[in-house]
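To start, the structure itself, in structure tokens.
Residue indices begin at 1 and follow the sequence shown.
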Amino acid sequence: MNENNITIPEFTLLRTFNAPRELVWKAWTEPARLAEWWGPKGLTMGVAHLDLRPGGLFHYSMKTPTGEVMWGRFIYKEITPPEKLMFVVSFSDENAGMVRHPMAEGWPLEILNTVVFTEEKGKTTLLLKGSPINASPEEIKIFGDNFPSMDQGFTGTLDQLETYLAKQ
């Protein structure tokens with residue numbers, strides 16, 4: 001619940017990779033590795049800036065096959081190598097300023113994501129959780145209504161991570 005007595009929905013996704021946690025961590029925290037797999041399938045990723053520290057910025061571009069460019073950013077809140085990343089995700093402009101989702105006007109401006117990495121017998125389980133912050137009741141509803149789309153998008157992105165990890 002928030003101050004308006006609205007339940008904040010939490011998107012969760014669990015995925016296990018056949019790779020050690022240290023490698024999965026590096027894939028999430030090193031610019032050259034992120035560029036290989038992050039983002040929606042079919043888009044070309046570009047890393048403009050990555051400052052991996054609390055308060056630091058990861059600023060990236062995503063180019064469509066038709067040449068359109070969208071920008072995104074993370075602002076890191078917590079970094080506990082190789083166990084946990086917490087960051088606020090937003091769409092952005094080329095200067096890392098926060099902007100609205102280019103295809104969904106009512107989408108929340110900010111999503112707080114937490115990614116937890118655990119390892120067992122050489123395999124890494126990743127737990128991703130995300131919830132809107134500083135969002136209106138309408139934005140919160142739109143976020144909650146879009147879990148199937150988010151699941152599809154993150155599954156595609158994590159499929160790309162799995163392919164990347166298999167080549168390492």
Side-chain angles (χ1 to χ4, degrees), residues 2-3 8-17 19-41 43-63 69-102 104 107-119 124-136 139-140 142-144 146-147 149-151 153-162 164-165 168:
N2 66 5
E3 65 276 358
I8 306 291
E10 182 176 68
F11 175 78
T12 60
L13 190 65
L14 191 67
R15 179 83 172 253
T16 300
F17 298 95
R21 179 168 69 171
E22 190 64 38
L23 178 59
V24 179
W25 175 265
K26 287 178 180 180
W28 276 81
T29 59
E30 295 179 4
R33 293 177 189 266
L34 271 164
E36 292 289 322
W37 68 271
W38 178 253
K41 190 173 177 96
L43 301 188
T44 303
M45 170 77 175
V47 176
H49 182 78
L50 192 144
D51 181 8
L52 188 68
R53 63 176 176 82
L57 170 72
F58 169 40
H59 186 221
Y60 58 93
S61 64
M62 299 171 287
K63 187 175 183 179
V69 178
M70 294 178 289
W71 292 87
R73 71 180 200 177
F74 297 179
I75 302 293
Y76 293 102
K77 297 294 183 190
E78 182 181 332
I79 300 165
T80 309
E83 300 168 7
K84 182 179 177 183
L85 288 172
M86 185 181 292
F87 48 90
V88 176
V89 177
S90 305
F91 283 89
S92 74
D93 59 25
E94 63 276 2
N95 298 312
M98 191 169 28
V99 300
R100 286 268 169 211
H101 188 305
W107 189 254
L109 280 171
E110 299 175 293
I111 308 294
L112 178 64
N113 280 348
T114 303
V115 184
V116 177
F117 307 83
T118 55
E119 182 176 354
T124 302
T125 298
L126 181 146
L127 172 63
L128 182 138
K129 296 180 181 182
S131 294
I133 57 173
N134 306 315
S136 72
E139 291 169 335
I140 291 167
I142 289 169
F143 179 84
N146 278 279
F147 281 11
S149 176
M150 292 166 56
D151 187 66
F154 272 111
T155 296
T157 296
L158 295 179
D159 286 350
Q160 292 176 156
L161 173 58
E162 187 166 47
Y164 169 78
L165 293 169
Q168 301 308 300

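Minimum heavy-atom separation, Pro132 to Pro9: CD-O, 3.8 Å. The two atoms that bring Thr157 and Pro40 nearest to each other are OG1-N, 3.9 Å, heavy atoms only. The minimum heavy-atom distance linking Thr16 with Glu162 is given by the pair O-OE2, 4.4 Å. The shortest heavy-atom contact between Trp25 and Pro81 is CZ2-CA, 3.5 Å. Heavy atoms only, all atoms of each residue included: Trp28 and Leu161 are closest at NE1-CD2, 3.6 Å. Taking both residues in full, the closest heavy atoms of Thr29 and Leu52 are given as CB-CD2, 3.4 Å, listed atom of the first, atom of the second, then distance.
Scored by the ring pair (Phe, Tyr, Trp, His ring centres under 6.0 Å) test, Phe91 finds His101 as partners (sequence neighbours excluded). Partners of Ser92 under the side chain to side chain donor-acceptor pair (under 3.5 Å) rule, at least two apart in sequence or in another chain, are His59. Checked against side chain to side chain contact (heavy atoms under 4.5 Å, CB included), Leu112 has the following partners two or more places apart in sequence or in another chain: Lys77, Met86, Val88, Ile133. Every side chain to side chain donor-acceptor pair (under 3.5 Å) that Lys84 has, sequence neighbours left out, goes to Glu78. Every residue two or more places apart in sequence or in another chain that forms a side chain to side chain contact (heavy atoms under 4.5 Å, CB included) with Thr118 is listed here: Val116, Thr125. Residues meeting the side chain to side chain donor-acceptor pair (under 3.5 Å) test with Asn146, sequence neighbours left out: none. For Asp51, the salt bridge (charged side-chain N to carboxylate O under 4.0 Å, His left out) partners at least two apart in sequence or on another chain are Arg53. For Glu119, the salt bridge (charged side-chain N to carboxylate O under 4.0 Å, His left out) test picks out no residue, with sequence neighbours left out. By the side chain to side chain contact (heavy atoms under 4.5 Å, CB included) test, Asn134 pairs with Glu110, sequence neighbours left out. With sequence neighbours excluded, the residues that form a side chain to side chain contact (heavy atoms under 4.5 Å, CB included) with Glu94 are Trp71. Under the rule for a side chain to side chain donor-acceptor pair (under 3.5 Å), the partners of Arg33 that lie at least two apart in sequence or sit in another chain are Glu30, Tyr164.
Using modelled atom types, one side-chain atom of Gln160 and one backbone atom of Gly39 make a donor-acceptor pair closer than 3.5 Å. Of the possible polar contacts, one joining the Thr124 side chain to the Ala19 backbone as a donor-acceptor pair under 3.5 Å is found. The closest donor-acceptor contact from the side chain of Trp37 to the backbone of Ala27 lies under 3.5 Å. Remark: side-chain polar atoms of Ser90 are not paired, donor with acceptor, to backbone N or O of Met98 under 3.5 angstrom. Judged by distance alone, with hydrogens and angles left aside, the side-chain atoms of Thr80 form no donor-acceptor pair with the main-chain N or O of Glu83 at under 3.5 Å. A donor-acceptor pair is defined here as one N or O able to donate and one able to accept, closer than 3.5 Å; no such pair exists between the side chain of Arg73 and the backbone of Phe58.
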In sequence, state the C-alpha distance, the side-chain angles, and the governing distance for Leu85 and Phe117, and then conclude on side-chain contact (heavy atoms from CB on, under 4.5 Å).
CA-CA 9 Å; Leu85 288 172; Phe117 307 83; 4.2 Å; yes
Could you go step by step and tell me if Leu50 and Tyr76 meet the side-chain contact (heavy atoms from CB on, under 4.5 Å) rule?
CA-CA 10 Å; Leu50 192 144; Tyr76 293 102; 4.0 Å; yes
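Using a 4.5 Å heavy-atom cutoff, the side chains of Ile140 and Pro108 are not in contact. The shortest side-chain heavy-atom distance between Leu43 and Met45 does not fall under the 4.5 Å cut-off. Considering only heavy atoms from C-beta on, Tyr60 stays 4.5 Å or farther from His49 through its side chain.
Under 4.0 Å is where a charged nitrogen must lie from a carboxylate oxygen, and between Arg100 and Asp93 no such pair does.
Between Trp38 and Phe74, the gap from one ring centroid to the other is short of 6.0 Å. Aromatic pair Phe154/Phe11: ring centres closer than 6.0 Å.
The structure places OG1 of Thr114 at 8.5 Å from CG of Leu127, a figure rounded to the nearest 0.5 Å. The CE atom of Met62 sits 11.5 Å away from atom OG1 of Thr44, with the distance rounded to the nearest 0.5 Å. Here CH2 of Trp107 is found 8.5 Å from CD1 of Ile142. Values are rounded to the nearest 0.5 Å. A distance of 10.0 Å separates CG of Leu14 from CG of Leu128, quoted to the nearest 0.5 Å.
Sorted pairs that involve residues 125-136 and meet salt bridge (Lys or Arg N to Asp or Glu O under 4.0 Å), not counting sequence neighbours, are lacking altogether.
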